[in-house]
Amino acid sequence: MSTTAWRFSGTEGADAAVLRLKQLDAQDLIDVQDVTVIRWPHYATAPQAQEHVTSEASKASSFAKKLTKAGIDAGMLDSVKGDMTPGTSALVLLSADAAIDTVVQAFEGQAMELIRSDLSVQQEDLLRDAFANASSPNADK
């Protein structure tokens with residue numbers, strides 16, 4: 001399992017990403033373990049987190065925490081909140097078994113930035129490159 005945090009330029013970008021992830025999970029293209037959406041509306045004084053935003057993630061997270069204390073680390077959430085600015089949103093994803101090429105295709109054209117992860121530096125670089133190439137206007141189609 002890996003945890004990744006993605007920042008979006010608007011406050012609704014993370015919500016749209018959750019819907020895409022649920023579709024990919026239903027097709028067994030990624031195993032979504034848990035999701036937290038963090039939004040920082042312009043009117044708010046600080047970011048607001050909504051944990052376990054999918055019913056499956058909530059059930060799985062509760063069960064997993066009982067067994068192994070697995071789930072999205074509170075330290076990760078605090079770090080992501082510190083990386084945000086008003087008018088942005090972020091998605092923190094605990095996942096496994098992702099079909100990276102298919103996930104990248106599903107998010108093609110979506111302005112998003114990997115801001116944190118528990119991946120190795122090499123894995124992060126590969127992931128950033130894959131998403132950068134997909135969002136590039138000159139990317140091979």
Side-chain angles (χ1 to χ4, degrees), residues 1-44 46-141:
M1 285 189 291
S2 61
T3 305
T4 54
W6 302 87
R7 181 173 39 213
F8 300 85
S9 59
T11 56
E12 296 177 2
D15 294 313
V18 169
L19 295 176
R20 287 184 185 158
L21 286 168
K22 287 177 79 170
Q23 292 169 342
L24 294 170
D25 189 40
Q27 297 169 16
D28 292 327
L29 297 170
I30 188 170
D31 182 10
V32 175
Q33 299 289 316
D34 199 3
V35 178
T36 295
V37 171
I38 304 170
R39 296 174 203 83
W40 193 345
H42 285 288
Y43 62 82
Q48 304 161 350
Q50 180 182 2
E51 296 185 53
H52 319 301
V53 296
T54 64
S55 60
E56 297 84 5
S58 179
K59 292 174 190 170
S61 178
S62 296
F63 181 70
K65 282 181 182 177
K66 289 178 184 174
L67 294 178
T68 64
K69 306 246 181 207
I72 296 173
D73 182 61
M76 170 72 90
L77 296 178
D78 290 339
S79 295
V80 171
K81 287 178 184 178
D83 290 338
M84 295 181 67
T85 57
T88 62
S89 62
L91 177 133
V92 183
L93 170 67
L94 178 64
S95 65
D97 303 325
I100 299 297
D101 293 339
T102 307
V103 173
V104 168
Q105 276 185 327
F107 285 94
E108 189 173 1
Q110 174 71 47
M112 54 194 283
E113 172 190 10
L114 178 65
I115 56 173
R116 299 229 174 236
S117 81
D118 60 3
L119 301 171
S120 71
V121 172
Q122 290 174 327
Q123 290 171 318
E124 271 191 21
D125 289 344
L126 290 171
L127 194 55
R128 281 191 176 102
D129 287 345
F131 276 89
N133 290 336
S135 64
S136 167
N138 297 325
D140 295 334
K141 304 237 176 200

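As the structure is a computational prediction, the values presented were derived from the model and not from experiment.
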(message) Does Glu12, at its CD atom, have more than 12 non-hydrogen atoms belonging to other residues, nucleotides or ligands within less than 6.0 Å?
(response) no
(message) Quick check on side chain to side chain contact (heavy atoms under 4.5 Å, CB included): which of Leu21, Val37, Thr3 does Leu93 satisfy it with?
(response) Leu21
(request) For Ala96 and Met1, work out which heavy atoms get closest and say how close. (result) CB-CG, 4.0 Å
(message) Glu51 and side chain to side chain contact (heavy atoms under 4.5 Å, CB included): which single residue from Ile72, Val92, Leu77 fits?
(response) Leu77
(message) With rounding to the nearest 0.5 angstrom, report the CG to CD distance, Leu114 to Gln123.
(response) 11.5 Å
(request) Over all heavy atoms of both residues, which pair between Asp34 and Gly71 is shortest? Give the atoms and the distance, please. (result) OD2-CA, 4.4 Å
(request) In sequence, state the C-alpha distance, the side-chain angles, and the governing distance for Asp15 and Arg39, and then conclude on side chain to side chain contact (heavy atoms under 4.5 Å, CB included). (result) CA-CA 9 Å; Asp15 294 313; Arg39 296 174 203 83; 2.6 Å; yes
(message) Nearest 0.5 angstrom please: Ile38 CD1 to Thr11 OG1, how far?
(response) 13.5 Å
(request) Taking all non-hydrogen atoms of both residues into account, name the closest pair between Gln110 and Gly13 and its distance. (result) NE2-CA, 4.4 Å
(message) Nearest 0.5 angstrom please: Asp97 CG to Ile30 CD1, how far?
(response) 9.0 Å
(request) Measure the CZ-CG distance between Phe107 and Leu24 for me, rounded to the nearest 0.5 Å. (result) 6.0 Å
(request) Can you see which heavy atom on Trp6 is nearest to which on Ile115, and at what distance? (result) N-CG1, 4.4 Å
(request) Using a strict cut-off of less than 4.0 Å between a Lys/Arg side-chain nitrogen and an Asp/Glu carboxylate oxygen, indicate whether Arg7 and Asp83 qualify as a salt bridge. (result) no
(request) With rounding to the nearest 0.5 Å, note down the distance linking OG1 in Thr36 to CG in Leu91. (result) 8.0 Å
(message) If you compare all heavy atoms of Lys81 against all heavy atoms of Pro47, which two are closest, and at what distance to 0.1 Å?
(response) O-CG, 3.9 Å
(message) Once rounded to the nearest 0.5 Å, what's the spacing between atom CE of Met112 and atom OG1 of Thr4?
(response) 8.0 Å
(request) Quick one: closest heavy-atom pair of Ala14 and Ala90, and the distance? (result) CB-O, 3.5 Å
